[in-house]
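Throughout, residue positions are numbered sequentially from 1 according to the sequence presented. Indexing begins at 1, ligand by ligand and atom by atom, following the structure's order.
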Amino acid sequence: MKKWRQSLRLLPLFLAALALSGCGKEGVSALKPEGEVAKEQASLMLISLLIMIVVVLVVGFLFTYAMIKYRKRPGQEDYIPKQVEGNTKLELTWTIIPIILLCILAVPTISKTFALSDNNTSKKSDVLKIKVTGHQFWWEFEYPDQKITTAQDLYIPVGKKVEFDITSKDLIHAFWVPALGGKQDANPGQTNHLWLKADKEGTYKGRCAELCGSSHALMYFNVKAVSDKEFKHWVKDMKAGMKSAPDKDRVLTASAKQGEEVFKNNCMSCHAVGNKGGQIGPNLTNFADRDNIGGFEKHTKSEVKKWIKDPESIKPGAKMPKFGKKLTDDQINALADYLFTLSVKQ
Ligand code: CUA
């Protein structure tokens, strides 16, 4: 009884831990599906959960019933019940029932597994193609038909089937947007397929679901589901941003102008703005429009400065070198000012 009371006292702690664990946090829960794929996957989870509950209840009932009915009663200390071995009827029963249950589970699971990873069922004009590439520890998104490359913030139109071709530049990651569905491995040298659809406008958190190094748990991205009209607008703006040279026709403050020079001399071998620059780090064409630094930190100048000085202070294991010693504080300030001018919003 005392032990019981002790465990009861731990209950509030357990509930608090559950609340803090982010179960059901908006945009992150697989149990709050916001799209066709996620809904089908949630229904699969529900079927298996229901079957398991029924099994637990039936087995629990039979077990309790047998324990009480056939318990040793006073005066039966030396009693040994009749010994039987093998009962064809019973053995058939407990072999056939699990087979039936497994079939009920297997048929929808297998058919949906194939259906949800099939990227070739719709007309080309009805779908949006996106190539996803996992890197340690960020996501690259390429829209091949629109000729757009971006990172971290993935824009998709609401209600449209989006087909993803998923791969990786380094090691195995996994692409997962809990509220919309998934997950699918991102393997180097191989392309895996997945399609998703969002029912409602909003920002959904995506994450990496395969242990891939020290910042695996920080490998977030944002999925921005917007109306078809807004999406077309974004594509137009991005295309314009991709085409024009980073410095063309833009009025910059003196500091941003200085930052642009710093960027050209130090950052462009890895980062591109528009079509100019390296492909090693994230493309920064619409950097100023993004939601987070590194996928999860606040999108502020002070965070970006911290990032430039020492990326690993925010994301352990990040491949970008520290610039805290190479650049002066002045240069880093100017660089941050420049980066926050990189917006494609018209
Ligand atoms: Cu990438 Cu875990």
Just by distance, do the side chain of Gln76 and the backbone of Arg73 share a donor-acceptor pair under 3.5 Å?
yes
Is there a path from Leu128 to Trp234 through hydrophobic residues (I, L, V, M, F, W, Y) whose side chains come within less than 4.5 Å of each other?
yes
Inter-residue atom distance Cys212.SG - Met219.CE, 0.5 Å rounding
5.0 Å
Mind telling me whether His271 and Phe263 have parallel, tilted or perpendicular rings, with 30° and 60° as the class edges?
tilted
Within the side chain of Asp153, is there an N or O that forms a donor-acceptor pair under 3.5 Å with the backbone of Asp291?
yes
Distance below 2.8 Å from atom 1 (Cu) of ligand 1: how many protein N/O/S atoms qualify?
4
Output, in order, the C-alpha distance, side-chain angles, deciding distance and verdict of side chain to side chain donor-acceptor pair (under 3.5 Å) for Ser343 and Asp289.
CA-CA 6 Å; Ser343 165; Asp289 303 332; 2.7 Å; yes
